[in-house]
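Side chains are part of it too, since the values below use all heavy atoms of this structure and drop only hydrogens, waters and symmetry mates. Bear in mind the structure is a predicted one, so any value in this text is a computation, not a measurement.
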Amino acid sequence: MIRLVPRTETSTMWQVATPLLAVLATMITGGLLFAVMGYDPVAAIRTIFWDPLFGMASSYSRPQLLVKAAPLILIASGLAIGFRAGIWNIGAEGQYIIGGITGAAVALAAYPSEGMWIFPAMVLAGALGGWAWGMIPALLRNWFGSSEILVSLMLVYVAEKIAAWMAFGPMKNPEGFGFPGSRNLQQYPPASNPELIAGTGAHWGVVAAAAAILLTWGLMSRHIRGFHIRAAGLAPRAARFAGVKPETLVAFCLGLSGALAGMAGLFEVAGPAGQITDSFGSGYGFTAIIVAFLGRLHPVGILLAGLLLALTYIGGELAQLTLQLPAATVQVFQGMLLFFLLGFDLLTRFRIARRIAA
């Protein structure tokens, strides 16, 4: 029999190596899975991880890397702050959806007006919508002791129903020939979020993601609130004695992560998605949880992890087209990645020892 024994010290080198080992283990296990399914494992791994960057279609897929990575990085930056404090927002997907709805509502209310104020107002509305949705689990935890994990997760399903209602009802395009969905904001220039530099995939969401990385780094390393967050995560009781108010921290973390998720939803509906539909939720909010942990809750790590997970999205789509791999390929890879990351992470805090029989 074996048992887990807590380590007296955590190896810094092992902490850095763990995400790399998780990626390597995912590639090996994924290759074995593809072989069992009857596909060429080498071709499948190459298509997912290599071809989007250097393959024949890389001129199209490379710009898509930023398009896919931006919402993941933006959402994960907010989630990581809460996770560092022991505050678990699992409902960023719902905040992303609500942010897209509230931002699109500003554009649809202004249509067909022209004005430079429209897009900034949409960004503000998206952030406020996500913030308000994030504050629901915050207030319920502060007032009634509810679990923010369960409340935020359940609110995802509420947000999905609201998006469906909007697509079939209040936001339905009156010129859409009866099809569900709002007007396409890409066809409404004051409300669109186009590429800032042609051929790069970079839009305002990419700029916001870069700003979120910098602001997260500054908050966690240079601001007193960052010290409170770290203290609350490492030693909650000691943090209270140091004057940290848990209720304030819960509201700050859930509100901030909700606002960033809402902004991600707005940039998506004004850009790549184009409109509110009954399937507007794309899974970015859930995938961002993997990004946050794969990036070790550190801004630089989140940047790299966001690019890696975006690569699996694009590579998975290429594999479906060229190799006819199942559509669930991306979800399988992401699930494996989280599984191996958590497994290897356990070994950073514990060592395996043989249990001595009494």
Requested in this report: Evaluate the criterion side-chain contact (heavy atoms from CB on, under 4.5 Å) for residue pair Ser77 and Ile302; output intermediate values, then yes/no.
Outcome: CA-CA 7 Å; Ser77 296; Ile302 287 172; 4.2 Å; yes
**Report entry** Side-chain heavy atoms of Ser257 within contact of Phe83, under 4.5 Å
**Finding:** no
Query raised in the report: Counting distance only, does the side-chain N/O of Gln320 pair as donor-acceptor with the main-chain N or O of Leu325 below 3.5 Å?
Result: no
Report task. Verify, without hydrogens or angle tests, whether Tyr96 (side chain) and Gly258 (backbone) share a donor-acceptor contact under 3.5 angstrom. Result -> no
Side-chain polar contacts of residues 105-133 - donor-acceptor pairs under 3.5 angstrom, sequence neighbours left out - could you list them?
| residue | atom | partner | partner atom | Å |
| --- | --- | --- | --- | --- |
| Ser113 | OG | Ala110 | O | 2.9 |
| Trp133 | NE1 | Leu155 | O | 3.3 |

**Report entry** Polar side-chain atom of Ser192 near backbone of Gln186 as donor-acceptor pair, under 3.5 Å
**Finding:** no
Query raised in the report: In the single-linkage hydrophobic clustering (I, L, V, M, F, W, Y; side-chain heavy atoms under 4.5 Å), do Trp88 and Leu150 co-cluster?
Result: no
Query raised in the report: To the nearest 0.5 Å, what is the distance between CG (Leu219) and CG (Leu256)?
Result: 7.5 Å
Report task. Kindly work out whether a path of hydrophobic side-chain contacts (I/L/V/M/F/W/Y, heavy atoms less than 4.5 Å apart) joins Phe54 to Met27. Result -> yes
Query raised in the report: Is there a side-chain contact between Ser58 and Tyr60, using heavy atoms and a 4.5 Å cut-off?
Result: no
**Report entry** Backbone N/O of Gly199 and side chain of Glu195: donor-acceptor pair under 3.5 Å
**Finding:** yes
Query - Pairwise distance CG(Leu214) to CG(Leu303) - rounded to 0.5 angstrom - result: 9.5 Å
Query raised in the report: Arg222 versus Trp217: any side-chain heavy-atom pair under 4.5 Å?
Result: yes
Query raised in the report: Any idea which heavy atoms bring Ala288 and Ile75 closest together, and the distance?
Result: CB-CG2, 3.6 Å
Query raised in the report: Looking just at side-chain N and O atoms, do Gln95 and Asn89 make a donor-acceptor pair shorter than 3.5 Å?
Result: yes
Report task. Measure the spacing between CZ of Phe49 and CG of Leu311 and express it to the nearest 0.5 Å. Result -> 6.5 Å
**Report entry** Closest approach of Ala159 to Ile97 (non-hydrogen atoms, all atoms of both residues)
**Finding:** O-CG2, 3.6 Å
Going by atom type alone, with no hydrogens or angles, which donor-acceptor pairs under 3.5 Å involve a side-chain atom of residues 136-145 and a protein atom two or more places apart or on another chain?
| residue | atom | partner | partner atom | Å |
| --- | --- | --- | --- | --- |
| Arg141 | NH1 | Glu148 | OE1 | 3.1 |
| Arg141 | NH1 | Glu148 | OE2 | 2.9 |
| Asn142 | ND2 | Ala138 | O | 3.4 |
| Asn142 | ND2 | Glu247 | O | 3.1 |

Query - Distance in Å, Asn193 CG paired with Leu266 CG, rounded so as to fall on 0.5 Å steps - result: 8.0 Å
Query raised in the report: Does Arg84 have any salt bridge (charged side-chain N to carboxylate O under 4.0 Å, His left out) partners at least two apart in sequence or in another chain, and if so, which?
Result: none
Query raised in the report: What distance do Thr29 atom OG1 and Leu337 atom CG have between them, rounded to the nearest 0.5 Å?
Result: 11.0 Å
Query raised in the report: What salt bridge (Lys or Arg N to Asp or Glu O under 4.0 Å) pairs are there with at least one residue in residues 173-184, not counting sequence neighbours?
Result: Glu175-Arg183
Query raised in the report: Are the side chains of Phe168 and Asp278 in touch, meaning some heavy atoms are under 4.5 Å apart?
Result: yes
Query raised in the report: Would you call Leu185 and Gln275 a side-chain contact if the rule is heavy atoms closer than 4.5 Å?
Result: no
**Report entry** Residues Asp345 and Arg296 bridged, charged N to O under 4.0 Å
**Finding:** yes
**Report entry** Nearest heavy atoms of Gly94 and Val156, plus distance in Å
**Finding:** N-CG2, 3.6 Å
**Report entry** Residue Ile197 excluded, over 12 heavy atoms near CD1 under 6.0 Å
**Finding:** no
Query raised in the report: Are the side chain of Glu93 and the backbone N or O of Gly285 linked by a donor-acceptor pair below 3.5 Å?
Result: yes
Query raised in the report: Between Lys68 and Glu317, is there a salt bridge with N-O shorter than 4.0 Å?
Result: yes
Report task. Look at the side chain of Thr102 and the backbone N and O of Gly99, then say whether any donor-acceptor pair between them is shorter than 3.5 Å. Result -> yes
Report summary line: Apart from Val36 itself, its cluster of hydrophobic side chains linked below 4.5 Å comprises none
Query raised in the report: Under a 4.5 Å cut-off applied to non-hydrogen side-chain atoms, are His203 and Pro194 in contact?
Result: no
Requested in this report: I would like to know whether Trp204 and Phe267 meet ring pair (Phe, Tyr, Trp, His ring centres under 6.0 Å); could you show each step before the answer?
Outcome: CA-CA 7 Å; Trp204 283 111; Phe267 290 126; 8.2 Å; no
Requested in this report: Report yes if some heavy atom in the side chain of Leu21 is under 4.5 Å from a heavy atom in the side chain of Phe340; otherwise report no.
Outcome: no
Query raised in the report: Run the side-chain contact (heavy atoms from CB on, under 4.5 Å) check on Met154 and Tyr157 step by step: do they pass?
Result: CA-CA 6 Å; Met154 292 300 102; Tyr157 303 103; 4.0 Å; yes
Requested in this report: Give the minimum heavy-atom separation between Ile90 and Phe286, together with the two atoms involved.
Outcome: O-CE2, 3.6 Å
Report task. Could you tell me whether the side chain of Leu308 reaches within less than 4.5 Å of the side chain of Val23, counting heavy atoms only? Result -> yes
**Report entry** Non-hydrogen atoms of Ala69 and Gly306 that approach each other most closely
**Finding:** CB-O, 3.7 Å
Report summary line: When rounded to the nearest 0.5 Å, the distance separating OG1 of Thr200 from CD of Gln64 is 11.0 Å
Report task. Could you check whether the rings of Tyr313 and Tyr284 sit parallel, tilted or perpendicular, using 30° and 60° as the cut-offs? Result -> perpendicular
Requested in this report: Under the salt bridge (charged side-chain N to carboxylate O under 4.0 Å, His left out) rule, collect the residues that match up with Arg225, sequence neighbours excluded.
Outcome: none
Query - Greater than 12 external heavy atoms within 6.0 Å of Phe227's CZ - result: no
**Report entry** side-chain contact (heavy atoms from CB on, under 4.5 Å) evaluation trace for Ile48 with Leu318
**Finding:** CA-CA 7 Å; Ile48 293 173; Leu318 282 178; over 6 Å; no
Query raised in the report: Can you get from Leu304 to Ile73 by hopping between Ile, Leu, Val, Met, Phe, Trp and Tyr side chains that sit under 4.5 Å apart?
Result: no
Report task. Check the hydrophobic clustering (I, L, V, M, F, W, Y; side-chain heavy atoms under 4.5 Å; chains of links allowed) and say if Trp165 and Met171 are grouped together. Result -> yes
Query raised in the report: Taking all non-hydrogen atoms of both residues, which atom of Val67 and which atom of Pro71 are closest, and how far apart?
Result: O-CD, 3.2 Å
Query raised in the report: Could you go step by step and tell me if Ile229 and Cys253 meet the side-chain contact (heavy atoms from CB on, under 4.5 Å) rule?
Result: CA-CA 9 Å; Ile229 289 170; Cys253 292; 4.3 Å; yes
Requested in this report: Could you state whether Val207 and Leu65 fall into the same hydrophobic cluster, counting links through intermediate Ile, Leu, Val, Met, Phe, Trp or Tyr residues with side-chain heavy atoms under 4.5 angstrom apart?
Outcome: yes
